[in-house]
Amino acid sequence: MKQKIENYTGPAAGWGAVKAVAEAIRGQMNVSHDVIAMFEMNKPEGFDCPGCAWPDPKHYASFDVCENGAKAMSWEATSKKTTPEFFAKHSVTELLKWDDYDLENEGRLTHPVKYNAETDHYEAIEWDEAFRQIGKCLANYSNPNTVEFYTSGRTSNEAAFLYQLFAREYGTNNFPDCSNMCHEPTSVGLAASIGVGKGTVLLEDFDKADLVICIGHNPGTNHPRMLSSLREVSKRGAKIIAINPLKERGLERFEYPQDPAEMLTFDSTPLAEHYYKVRIGGDTALIKGVIRCILEQDDEAIAQGKPSILDNDFIQTHTVGFDAVKHDVMTTSWDNILRVSGLSKEQIEQIAQLYIDADNTIICYGMGITQHQHGTQNIQQLVNLLLLKGNIGREGAGICPLRGHSNVQGDRTVGITEKPSKSFLDKIEQRFGFKPPAEFGHAAVASMQAISEGTANALICMGGNLAVAMPDKDACYQGMKKLDLAVHIGTKLNRSHLLTAKNTFLFPVLGRTERDEQKTGPQSITVEDSMSMVHASHGKLKPASPYLKSECAIVAGMAKATLPNTKVEWDEFIDDYDKIRDAMEAVLPGFDDYNARIRVPGGFHLTNAAAERRWLTQSGKANFLTTEGVIEDPKSAVNSELVLATVRSHDQYNTTIYGLNDRYRGVFGQRDVMFISEAQAKKQNLAAGDRVNIIALDSEQKRTHRRLDNLKVVIYDMADRCVVTYFPEANNLIALDNFDPQSGIPAYKNIPIVLEKVDVAS
Ligand SMILES: Nc1nc2c(c(=O)[nH]1)N[C@H]1C(S)=C(S)[C@@H](COP(=O)(O)OP(=O)(O)OC[C@H]3O[C@@H](n4cnc5c(=O)[nH]c(N)nc54)[C@H](O)[C@@H]3O)O[C@H]1N2
Ligand SMILES: Nc1nc2c(c(=O)[nH]1)N[C@H]1C(S)=C(S)[C@@H](COP(=O)(O)OP(=O)(O)OC[C@H]3O[C@@H](n4cnc5c(=O)[nH]c(N)nc54)[C@H](O)[C@@H]3O)O[C@H]1N2
Ligand SMILES: [Mo]
């Protein structure tokens, strides 16, 4: 692939996307598969797209072409295979030298395998024998809390429910999950503010919003089906504001692949008319500035005898804490707001005016808001803004977190949490007759700390690539090798699978696209999207290998081998997933008539109390929550000239790298790049194409040993005083203890750094 950096001048999606889809599919799938699969995806009788958690379009007849959904699907439905013969040919030591792309590019895992330390190779093993050995290891540990049960968010509701049953009957609440790296601040922050840790809007609300604020997310790449909703918003004449340190093409303009007129004329729909390049980590300062402008205008309006611009009825009836927030923002200095946000007073006033002028506002946000030391507070400031005008709990308005993995929200709903509620545990006990542990367990950071400190015995990974996704690669890699037992359940080979423990098993699993045949016939599973819609997904494709098992069956196999006196009817559950759903109905609130309701096309909506203005908070109201000052991350430190955010490229799915292009950002054939503004580059004495080393600083602004060397400088339209590069290559720059104390999320988007120019002559 030829390397080049060039300005991308086209819109997002459009012909470029369709071409990329065709290429991805040609390279990965055989054609008969692709035709069926493309048309089954995200339709009532098809399977849920494994790509992202954006809801299905409401008009099912119009099948949404989504480039990155097609990539995710073809990556899973590939005809390439990683077989026992492959493992016989390549030792683990050799494979560790391969890069991440090459590992996954070998294709689908076909057989259960176990690592043989003597030969340094993975070797095939029978499923039952593997389960027996795992059961023996687990039964050996005197403390169940030395076992970590990781879940990556593609896992279905049914598999996740069984998985948590297994872990809790075994005796632990150690549930690190990918949500700990992505939307934990949403679970914690929204729960404290409005009583529900989930978004409050439905897709239909986008038809009624007057203003959509997109802050800290990149839908062109990560939630491409959202672009069609934004396009409708824009076509209706409603306004879209983007707040992002980088100019992201997917937020600016969109060409709709299904609109022949737009495709043929190369016309495109402008999305965000107003784009504000906030400095990384500057969102709280910015939102406080916006709130301050609104309150100042409101005071003025009232002084002049005009109507208030706030929804005072709502504030009076439904909220507490307004006065404290008002006092706080009014005493926050403009100097600090402007310095930390990196925006001008005029820009902040403009945002405030757009918000004042709109009757109904939706705020959408992603990792640019959550992955900070103050991720939880960022979200609560967004809620404060919405509460001012009663923009929660009515049509066309609300808060809309863009979830990550396609079922990350569902996994949490069905019990993947290290802090289970008492009512949930009581229900488990009532239904199954064993006493689940009450003591809280580990989330991701605590798990990795236990693993790297050597206090954990075992790690079971339901999907994912934990060691690569977490901060501090060195600590994670070394820790993983100290474990007694590692079990990985995955579709493709990745680096975490190669960090072998004393006993290591790698299990190949059915993907979402594949037929899941059990005793009573083909089974379906269910997932919950970003907007709390729960619906069924039916795999249609022939499994990649006859030796694959479903996630549910693998959990049941391990559980039966580990718990000889189990109270759970594992076999019945696996024979017929309807039985799992009946059990879920007995345990989980809102799951009444579960089996019946998922058979309705489109599924059902889990009620959201906040969306109905019922506030399940301690105060019984929606809480305006105060955050003092403009909270720059203490570890990014006030004086740090540069902060680094790590982001996804267009050709990647988290740790899975599909290719080396980042089309909308104009980067082709390479990933070792660092984005910087022109003005900032000048200040650092850098020019396009120069090479730099990035060195992470500690909280005292001292250089650490954490570094990423030899990145190519790309001059980009972005905020000053910050730089951006790709995850996961940059993960070693982040210390394990750099996280939000409220939610535990690693501060992947806020790493204090300095740059060192590479001297070409040396
Ligand atoms: N194709 C594809 N789809 C995906 C994924 C994928 O990897 N590939 N991953 C899935 C997962 S698990 C997740 S969590 C989501 C992630 O989806 P996103 O949240 O869109 O993820 P990121 O690429 O991490 O970056 C988000 C944006 O935050 C901006 N940003 C960085 N720092 C700041 C800041 O301080 N303030 C503000 N306002 N913005 C900032 C960046 O410029 C970038 O545009 O996508 C999901 N969907
Ligand atoms: N620096 C930095 N680090 C980050 C982030 C960031 O923005 N910056 N983002 C964080 C976020 S938001 C997340 S969610 C994490 C992602 O962390 P993870 O969820 O742990 O990682 P993935 O890369 O999504 O996992 C990929 C693997 O999942 C397996 N897999 C794929 N499909 C299936 C399936 O259907 N079933 C099973 N059982 N396995 C499957 C495959 O084996 C594949 O190799 O990374 C986090 N790390
Ligand atoms: Mo995520």
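All values below were derived from every heavy atom in this structure, side-chain atoms included, with hydrogens, water molecules and symmetry-related copies excluded. When a residue number appears, it is its place in the shown sequence, counting from 1. Counting convention: from 1, in listed order, for ligands and their atoms alike.
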Colleague: Show which atoms of ligand 2 fall inside a sub-4.0 Å distance from at least one heavy-atom site of Asn494.
Modeller: 27 (C), 42 (O), 43 (C), 44 (O)
Colleague: Is Glu528 paired with Lys198 through a side-chain N to carboxylate O contact shorter than 4.0 Å?
Modeller: yes
Colleague: Is the ring pair Phe149/Phe175 parallel, tilted or perpendicular, if the boundaries are 30 and 60 degrees?
Modeller: tilted
Colleague: Of the choices Arg648, Glu184, Met367, which has the non-hydrogen atom that lies closest to atom 7 (O) of ligand 2?
Modeller: Arg648
Colleague: Find all atoms of ligand 1 within a distance of less than 4.0 Å from any non-hydrogen atom belonging to Gly281, and give their numbers and elements.
Modeller: 34 (C), 35 (O)
Colleague: Determine yes or no for a side-chain-to-main-chain donor-acceptor pair under 3.5 angstrom, with Tyr716 supplying the side chain and Met674 the backbone.
Modeller: no
Colleague: Can Arg412 be said to sit on top of Phe161's aromatic six-ring, NZ or CZ under 6.0 Å from centre and within 45° of the ring axis?
Modeller: no
Colleague: Any idea how His374 and His372 line up, ring-wise: parallel (<30°), tilted (30 to 60°), or perpendicular (>60°)?
Modeller: parallel
Colleague: Within ligand 1, which atoms have a heavy atom of Ile215 less than 4.0 Å away?
Modeller: 38 (N)
Colleague: Quick check on contacts: which atoms of ligand 1 are under 4.0 angstrom from a heavy atom of Thr221?
Modeller: 1 (N), 2 (C), 3 (N)
Colleague: Does the N or O separation between Asn222 and ligand 1 drop below 3.5 Å for any pair?
Modeller: yes
Colleague: Kindly identify the option in Ala469, Ser649, Gly368 whose heavy atom sits closest to atom 34 (C) of ligand 1.
Modeller: Gly368
Colleague: Numbering the atoms of ligand 1 from 1, which are under 4.0 Å from a heavy atom of Ile243?
Modeller: 38 (N)
Colleague: My understanding is that we take every heavy atom of each candidate and find the minimum distance to atom 36 (N) of ligand 1. Doing that for Thr656, Ile657, Asp283, which one comes out nearest?
Modeller: Asp283
Colleague: Which of the atoms in ligand 1, numbered in the order shown and given with their element, are less than 4.0 Å from a heavy-atom of Glu248?
Modeller: 42 (O), 43 (C), 44 (O)
Colleague: If the cut-off is 4.0 Å to any non-hydrogen atom of Ile489, which atoms of ligand 2 fall inside it?
Modeller: 37 (C), 38 (N), 39 (N)
Colleague: Please could you name the atoms of ligand 1 that Val278 approaches to less than 4.0 Å, counting only its heavy atoms?
Modeller: 38 (N)
Colleague: Which of the atoms in ligand 1, numbered in the order shown and given with their element, are less than 4.0 Å from a heavy-atom of Cys182?
Modeller: 14 (S)
Colleague: Between Thr655 and ligand 2, which residue portion shows a heavy-atom distance shorter than 4.0 Å: side chain, backbone, both, or neither?
Modeller: both
Colleague: If you count the atoms of ligand 2 from 1 in the order shown, which ones are under 4.0 Å from a heavy atom of Gln371?
Modeller: 5 (C), 6 (C), 7 (O), 9 (N), 10 (C), 12 (S)
Colleague: What atoms in ligand 1 come closer than 4.0 Å to a heavy atom of His372?
Modeller: 34 (C), 35 (O)
Colleague: For Lys749 and ligand 2, answer yes if some heavy atom of the residue is under 4.0 Å from a ligand atom, otherwise no.
Modeller: yes
Colleague: Salt bridge (charged side-chain N to carboxylate O under 4.0 Å, His left out) with Arg515: which residues, sequence neighbours excluded?
Modeller: none
Colleague: Check each of Leu644, Asn654, Asn218 against atom 12 (S) of ligand 1 and report the one with the nearest heavy atom.
Modeller: Asn654
Colleague: Ring of Phe86, cation from Lys81 - is the NZ or CZ under 6.0 Å from the centre and inside 45° of the axis?
Modeller: no
Colleague: Which ligand 2 atoms does Glu551 reach within 4.0 Å, using its non-hydrogen atoms?
Modeller: 34 (C), 36 (N), 37 (C), 38 (N)
Colleague: What residue among Lys542, Arg108, Lys540 forms salt bridge (Lys or Arg N to Asp or Glu O under 4.0 Å) with Glu514?
Modeller: Arg108
Colleague: Pick, from Leu251, Asn244, Leu246, the option with the minimum heavy-atom distance to atom 41 (C) of ligand 1.
Modeller: Asn244
Colleague: Between Asp662 and Arg671, does any side-chain N to carboxylate O distance fall below 4.0 Å?
Modeller: no
Colleague: Do Arg512 and Ser406 have side-chain N/O donor and acceptor atoms under 3.5 Å apart?
Modeller: yes
Colleague: Please could you name the atoms of ligand 2 that Gly463 approaches to less than 4.0 Å, counting only its heavy atoms?
Modeller: 37 (C), 38 (N), 39 (N)
Colleague: Is Asp100 paired with Arg495 through a side-chain N to carboxylate O contact shorter than 4.0 Å?
Modeller: yes
Colleague: Give yes or no for whether the N/O distance cutoff of 3.5 Å, strictly under, is met between Gln652 and ligand 1.
Modeller: yes
Colleague: If you take the nearest heavy atom of each of Met181, His405, His217, His223, which one is closest to atom 27 (C) of ligand 1?
Modeller: His217
Colleague: With Asp740, which residues qualify under salt bridge (charged side-chain N to carboxylate O under 4.0 Å, His left out), at least two apart?
Modeller: none
